[in-house]
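Here's the structure we're looking at; comments come further down.
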Amino acid sequence: MRNKIIIGNWKMNLDLADAQDLTFKLKTSIKAKRPTEIAICPPSVYLLTISNILKDTPYIKVGAQNMFYKEEGAYTGEISPIMLKDLHVEMVIIGHSERRQYFNESDKDINLKIKAALKFGFTPIFCVGEDLIIREKGEAEIRVKHQVLEGLKDLSSVEIEKLIIAYEPIWAIGTGKICSGEDANKIIKMIRSTVKEKSTAQISEKVRILYGGSVKSDNFKEHIKYPDIDGGLVGGASLNFEEFIKLIDLANNVHEQTQSHHV
Ligand code: PGA
């Protein structure tokens, strides 16, 4: 059975004092291992501070929001995998729609970044998702499948097994519009079968695939119940301590219910 995971993507939000405050609150509240894994992805300039706060807290992982695929060189403003290694980062969000949209990241760049992240031992959180025009044309599945295939290009099954994939329909990000559990599950199932095509059935059952886009505790109850939805990539709601904890609790509850069905 796959463990659920809730990942907070803080984006370009919070100042240093607020970032520290939120991290301390999470650290104080998450003292024991629960079935749901937890990760936060602060802005890169705060990564070292946040990793240091969480050094002795193995239950909260730290991720970066982006990474360049080159290891060093004349790339002003970029962050290399070697640098992230020094910051005790375990995960990296790759191909977020905001990076694709505002920073022109192509499927090819994303594939190179996934490869670089794997080479340096990070867990890539590989994001895919369609925009509203594509959704309204009824082409969401085709678009997302294409993104998945491009992202996984030339990866071995062993490498694919290490990925987390996040399905984030662009029209649902930060808009308050949520893709229904049923629709999200449908696309996530398609992503899982694409992963199977590129690896094996066994590996496709191990890869965690998350939903993201206006996730909040009052709408996520529906999504997290679907067995193919393995958690959430959470933007806005991850900046609010109480909301983030509620999302983790929701995922833990689903796990406990599933366990009790198995007994
Ligand atoms: P949102 O962002 O939860 O604020 O919609 C999600 C994301 O972009 O990862």
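Only this structure's heavy atoms are used, side chains among them; waters, hydrogens and symmetry mates stay out. Remember, it's 1-based here, ligands and their atoms both numbered in the order they're listed. Given the structure is predicted, the values throughout are model-derived calculations rather than measurements.
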**OP:** With atom 5 (O) of ligand 1 as the reference point, say which of Ala172, Cys127, Gly174 has the nearest heavy atom.
**Re:** Gly174
Subject >> Any Gly212 heavy atom less than 4.0 Å from ligand 1 >> reply: no
Original post:
Under 4.0 Å from any heavy atom of Ser214, which atoms of ligand 1 are there?
Top reply: 1 (P), 3 (O), 5 (O)
Original post:
Looking at Asn9, which atoms of ligand 1 are within less than 4.0 Å of one of its heavy atoms?
Top reply: 9 (O)
**OP:** Name all residues meeting the ring-ring contact (aromatic ring centres under 6.0 Å, His included) criterion together with His223; count only those two or more places apart in sequence or in a different chain, and write none if there are none.
**Re:** Tyr211, Phe220
**OP:** Tell me, with the steps shown, if Ile191 and Val128 meet side-chain contact (heavy atoms from CB on, under 4.5 Å).
**Re:** CA-CA 10 Å; Ile191 296 175; Val128 293; 3.9 Å; yes
**OP:** Could you list the residues that satisfy salt bridge (Lys or Arg N to Asp or Glu O under 4.0 Å) with Asp154, not counting sequence neighbours?
**Re:** Lys115
Original post:
Who's the nearest protein heavy-atom neighbour of atom 9 (O) of ligand 1, and how far?
Top reply: Glu168 OE2, 2.7 Å
Original post:
Does the pair Asp230/Arg192 count as a salt bridge with the N-to-O cut at 4.0 Å?
Top reply: yes
Original post:
Yes or no on salt bridge (charged side-chain N to carboxylate O under 4.0 Å, His left out) for Lys61 and Glu37, after CA distance, side-chain angles and deciding distance?
Top reply: CA-CA 8 Å; Lys61 296 194 168 124; Glu37 284 177 45; 3.2 Å; yes
Original post:
Who's the nearest protein heavy-atom neighbour of atom 4 (O) of ligand 1, and how far?
Top reply: Gly236 N, 2.8 Å
Subject >> Nearest-neighbour protein heavy atom for atom 2 (O) of ligand 1, which is reported as residue plus atom name and distance >> reply: Lys11 NZ, 3.2 Å
**OP:** Could you tell me the separation between the CZ atom of Phe126 and the CD atom of Gln147, rounded to the nearest 0.5 Å?
**Re:** 7.0 Å
Original post:
What atoms in ligand 1 come closer than 4.0 Å to a heavy atom of Gly213?
Top reply: 5 (O)
Subject >> Given Ile165, Ile94, Ile7, the one that forms side-chain contact (heavy atoms from CB on, under 4.5 Å) with Ile125 >> reply: Ile7
Original post:
Which atoms from ligand 1 have a heavy atom of Ile173 less than 4.0 Å away?
Top reply: 2 (O), 5 (O), 8 (O)
Original post:
Could a heavy atom of His96 be found less than 4.0 Å from some atom of ligand 1?
Top reply: yes
Original post:
Do the side-chain N and O atoms of Glu243 and Ser217 include a donor-acceptor pair separated by under 3.5 angstrom?
Top reply: yes
Original post:
In the protein, which heavy atom is nearest to atom 3 (O) of ligand 1, and how far is it?
Top reply: Gly235 N, 2.9 Å
